[in-house]
Amino acid sequence: MTDNFKSTRNALGRRSPNHSLLDLAKMGLLTLLLLALNNISLFAQAPPFLDGKYDHWADSVLSTMTPEERIAQLIMIPAYSNKDKVHVDSIAGLVEKYGVGGIIFFQGGPVRQAHMINQFQQLSKVPLMISLDGEWGLKMRLDSTVRFPYQMALGGVDDEKLIYDMGAEVARQAKRAGINVNFAPVVDVNNNANNPVIGFRSFGEEKENVTSKSLAYMKGMQDNGVLASAKHFPGHGDTNVDSHYGLPVLNFSKRRLKDLELYPFQKLMDQGLGSIMVAHMEIPVLDSAENSPSSLSKPIVTDLLKNEMGYKGLIFTDALNMQAVAKYYPPGKVDAKALVAGNDMLLNTMNVPAAITEIKAALGRGEISQEEIDKRVLKVLKAKAWLGLDKWEPVETEHLIADLNNSEANFLAEKLTKASLTLLRNEENVLPLKGLGKTKIASLSIGANQRTEFQHYLDRYSPMDHFIFPKEGSIEDINALNESLSNHQVILVGIHGLGIREGRNDFGISPEMVTLLRSLIEKHTVIVSVFGNVYSLGKIQGLENAAGVIAAYQETPLTQDLTAQMIFGGIGASGKLPVTINHAFNRGDGLKLEGGIRMAYTLPEGVGMASMDLDGIDSMMRMAIKMKAIPGGQVLMAKDGKVFYHKAFGYHTYDSLQEVRVDDMYDLASITKISTSLAAFMHLKGEGKFDENQTLGHYLKAARGTNKENLVYRDILTHQARLRSWIPFWMSTVRKSGKFKWYTMKVDSSRRFPIKVADKLFIHRKYDRKIYKEILSSPLNAEPGYVYSDLSFILAPKVVEEITGEEFYTYLEENLYKPLGAGTLTFNPYLNFEMDRIVPTEYDSAFRKQLLHGTVHDEGAAMLGGVSGHAGLFGTSNDLAKLMHLYLYDGLYAGEQLIASGVVKEYSKCVYCEEGNYRGMGFDRQNKPGDPNGNAAASTSEQSFGHSGFTGTYTWIDPENKIVYVFLSNRVHPTRENRNIYKLNLRTNIMEEVYKAMKKARLNE
């Protein structure tokens, strides 16, 4: 926390300090009396450009200017970077001909705007002051930039250092883009829920909270060289007219204004506020003249702001083309009146020559003096010097977009949004959601016409049915939805598409929306997330009866992402409501919620690394694709339970027809061993139903009387039981001619051939018996020692079924996959998933004579109908990571001990290291610790473990560094002979990049 920020906090609410009688006497009674009357802090901090450093440059520039140029220096004209050349040329003409003092930019893009700034600055005799409305960052006006939360969202953030950091980052971006003044913060105290123009733009309804947040934002900007501008003086928070379209009237007493509306302005002035924007409002108690907007009022601008409140910084008018003033005074005249009133800079002058002419006429009439104009010009020039415009350099447009969108800025936006999310209802601690294995969940997006990003992000945590109710939804639609949702216990509702302001339609909330929501709340556990103006909560009757209510303040991809994470416990909640909505939702409401029970999703900065330090992963993946080691793939990295890197690369196949997505499913190959067989054994171990010291024959009746009967599971799981490595079962189904033997395979399914091996290929219903018999009758290796074998894992499903009396996959699904929310971990995905989500593997020219798509690559698993304990499982990197986190946390995930404590630790240890076998029980371990050419990253800890898969898959867990890594690819496409992935050592080298980034960030010291 900076000293400036600390001083900001310490100054809040502070009046003039107490002084001794002697001090008072020394000051002089008259001076003290004036200070007391004017309520001016005795130690108010001057604006940063008035410390004398910039006087010489300002004086020298002023001396070169004509009277007309001096007037023009007080004019700021509007410009747009999304308009045509005619517009650009017209602005350039005004700059060159009249020498206007500045430009306020509106909509457009940063590169186009930078080119315009460079052009205009080069034409200008005196450097231009460039400004922009960036209340929630440059995104308010410019595309391709970072969006920070609305001020209303930030009003409930506890950690005001984050708001200071936002101000600093906004300043960095502004300077990089050539912007000198940001018309922010909004310091209006919004205590009128029906305010049509401020509302979400305010920090809230409580003056001290508005002040402290505004100070943090202001300090962040000004400490980093950008001028802040508090608006809209003297306070636009309690109005019912939008000054863009009419003239609001404030019928308040002066006491009320001083105590409430003016309070934040005074506090910011005392802390060195650089500029203020004066609003267009009629305030009879301050100026009784009819149709006298505050921006054009000498009693308000000069008498109140300058004299009574003692403000010495820059004073901007609000835009002079707004109807609150424009409908009373034409261009030129309105500018002259604003200048006479006491303003320094005339914003949005619409007719520069007319403004200059009218101001000269006012000079001639004695309404304003040349001396007064020169004082204001000097103030503007000093501000320009403080902003560095005396040494102006062109905006560098190369890498501009990247610089404005750096990972630190995006992470700050994430932190701010996370801190703002406000949990208003959590009946019976329904959040975070628990017990996924026993709960049927649905999501419902109200006010949307298609599946929302919120629903997409919810899918990361658990399978669920998704529904839509559009804005125009009818009673018939309500009835249909109630029927469809009748058997769901929990419904996650998102309210979308809300108006940013209420207008005349309750933010777009229809009676049908309310009716639907109330009917659902009566019958189900409903969690409602409102993605929009927080005042909209008051328009949803019965909302307070929902089991859960979350205020997200606005609808962005980030708010929807983080709200989904909060619902499932990836992150917590700490936001507070900055305004009172109704009797049910009051200012200060906001429940605390602890997160971290499930995976969270963040940027590398969220775990202490720099995003740029992981660029090597992207480069490696692109190189691997270019070298045709893989057509594409997924990479997921997590640390401390936070997924900080999750990307998809390339295509499903080399024809480049379908890009890989992060939620596509891959054939996991031998990762199946640790994700099915071993998972089941460890679960059973915790229940006392499996013991690795028992024999195969103890659990599997068919093994009794064979040479496999007395094989001990400790040896089996460490591949030290003398089992053969594999048996090519498929070869016994084929004749020398290459055709299948008649009793093995058929192209059509039937009662005798019901089991699908591949597309248009079905195997005899009893052929699995032949496979199991062949395993049990196979000879053991003559010599003891380590030999990696599939055979015991092929038998594993039968062992699990004999122990449990349940089908193998059913047991896994009910006890592990469903509680984890890992709905894509499945066999034979073609049965339940769209084919375009399933990545093909090899073109099998020997056995199945086709491209394998949706069916397992391994021949033996295919002949078992796609279900085996050694191969056959499919899934996404995200769902596999859930299971790996269960292992990382020794069987605990989402508050459920799914595998008894200590079991995973025991099974992942090296059992026969002294004999040269480095494996754990089922898990692979480092075969060459520290060797970059080993089976694991060189820097991974000695306790790490995982497994690889023949199809090009890999997963690794490092308990010491709390890292989970998942790599999925189809390197066997189009043929298994492609071994480039091994030559590149791609999978382990990618993980090593994380250790390098950690070392650079000093995380592993």
Residue pair [X] / [Y], side-chain donor-acceptor N/O under 3.5 Å:
X	Y	value
Y553	T422	yes
T602	E414	yes
S574	D158	no
Y645	D618	yes
T417	S420	no
E160	S212	yes
S611	E605	yes
N878	Y601	yes

**OP:** Please test M599 against K882 for side chain to side chain contact (heavy atoms under 4.5 Å, CB included), starting from the C-alpha separation and ending with a verdict.
**Re:** CA-CA 7 Å; M599 294 190 310; K882 295 172 186 174; 3.7 Å; yes

Minimum heavy-atom separation for [X] and [Y], please, with both atom names.
X	Y	answer
N989	M620	O-CE, 3.6 Å
A600	I571	CB-CG2, 4.2 Å
L968	G875	CD1-O, 3.8 Å
I117	I130	CD1-CG2, 3.9 Å
F531	A552	CD2-CB, 3.5 Å
A937	M991	CB-CB, 3.9 Å

Whether [X] side chain and [Y] backbone form a donor-acceptor pair below 3.5 Å:
X	Y	value
S202	G199	no
Y666	S877	no
N410	N405	yes
Q634	S969	no
R598	F568	yes
N118	V395	yes
N224	G220	yes
Q560	T452	no
Y965	R987	yes
T559	Q554	yes

Sidechain N-carboxylate O distance under 4.0 Å for [X], [Y]:
X	Y	value
K418	D561	no
D958	K962	no
K999	D613	no
K231	D133	yes
D143	R112	yes

Out of curiosity, [X] [atom1] to [Y] [atom2], how far, rounded to the nearest 0.5 Å?
X	Y	atom1	atom2	result
F203	Q151	CZ	CD	3.5 Å
L423	K592	CG	NZ	11.5 Å
D403	R176	CG	CZ	4.5 Å
R661	R837	CZ	CZ	7.0 Å
L132	Q113	CG	CD	6.0 Å
I963	S941	CD1	OG	8.5 Å

Original post:
CD of E594: more than 12 outside heavy atoms within 6.0 angstrom?
Top reply: no

Original post:
Given the rule in the side chain to side chain contact (heavy atoms under 4.5 Å, CB included) test, do V226 and N180 qualify, once you have shown the distances and angles that lead to the verdict?
Top reply: CA-CA 5 Å; V226 166; N180 315 119; over 6 Å; no

For a 4.5 angstrom cut-off between non-hydrogen side-chain atoms, does [X] reach [Y]?
X	Y	result
F200	I500	yes
M218	L273	yes
L142	S81	yes
I567	I550	yes
V210	D188	no
L562	Y457	no
L268	S214	yes
N182	L227	no

**OP:** Start with the C-alpha gap between L138 and Q173, add the side-chain angles, then the distance that decides, and say whether side chain to side chain contact (heavy atoms under 4.5 Å, CB included) holds.
**Re:** CA-CA 8 Å; L138 273 58; Q173 293 181 24; 4.2 Å; yes

Subject >> Aromatic ring pairing Y893/H885, orientation class (parallel under 30°, perpendicular over 60°, tilted between) >> reply: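 Tilted: the ring planes of Y893 and H885 meet at 30° to 60°.
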
**OP:** Go through the steps to decide whether Y217 and Y164 satisfy the test ring pair (Phe, Tyr, Trp, His ring centres under 6.0 Å), and finish with yes or no.
**Re:** CA-CA 5 Å; Y217 192 1; Y164 176 90; over 10 Å; no

Original post:
When you measure from the centre of the six-membered ring of Y80, is the NZ or CZ of K83 under 6.0 Å away and within 45° of the axis?
Top reply: yes

**OP:** Test the R622-F649 pair against the cation-pi criterion, namely NZ or CZ under 6.0 angstrom from the six-membered ring centroid and within 45° of the ring axis.
**Re:** no

Original post:
Mind checking whether Y150 and W136 have ring centres under 6.0 Å apart?
Top reply: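 Yes: the rings meet the under 6.0 Å criterion.
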
**OP:** Check step by step if side-chain hydrogen bond (donor to acceptor under 3.5 Å, both in side chains) holds for T876 and D663.
**Re:** CA-CA 6 Å; T876 65; D663 59 352; over 6 Å; no

**OP:** May I have the step-by-step check of side chain to side chain contact (heavy atoms under 4.5 Å, CB included) for Q658 and Y651, ending in yes or no?
**Re:** CA-CA 5 Å; Q658 185 167 343; Y651 298 85; 5.7 Å; no

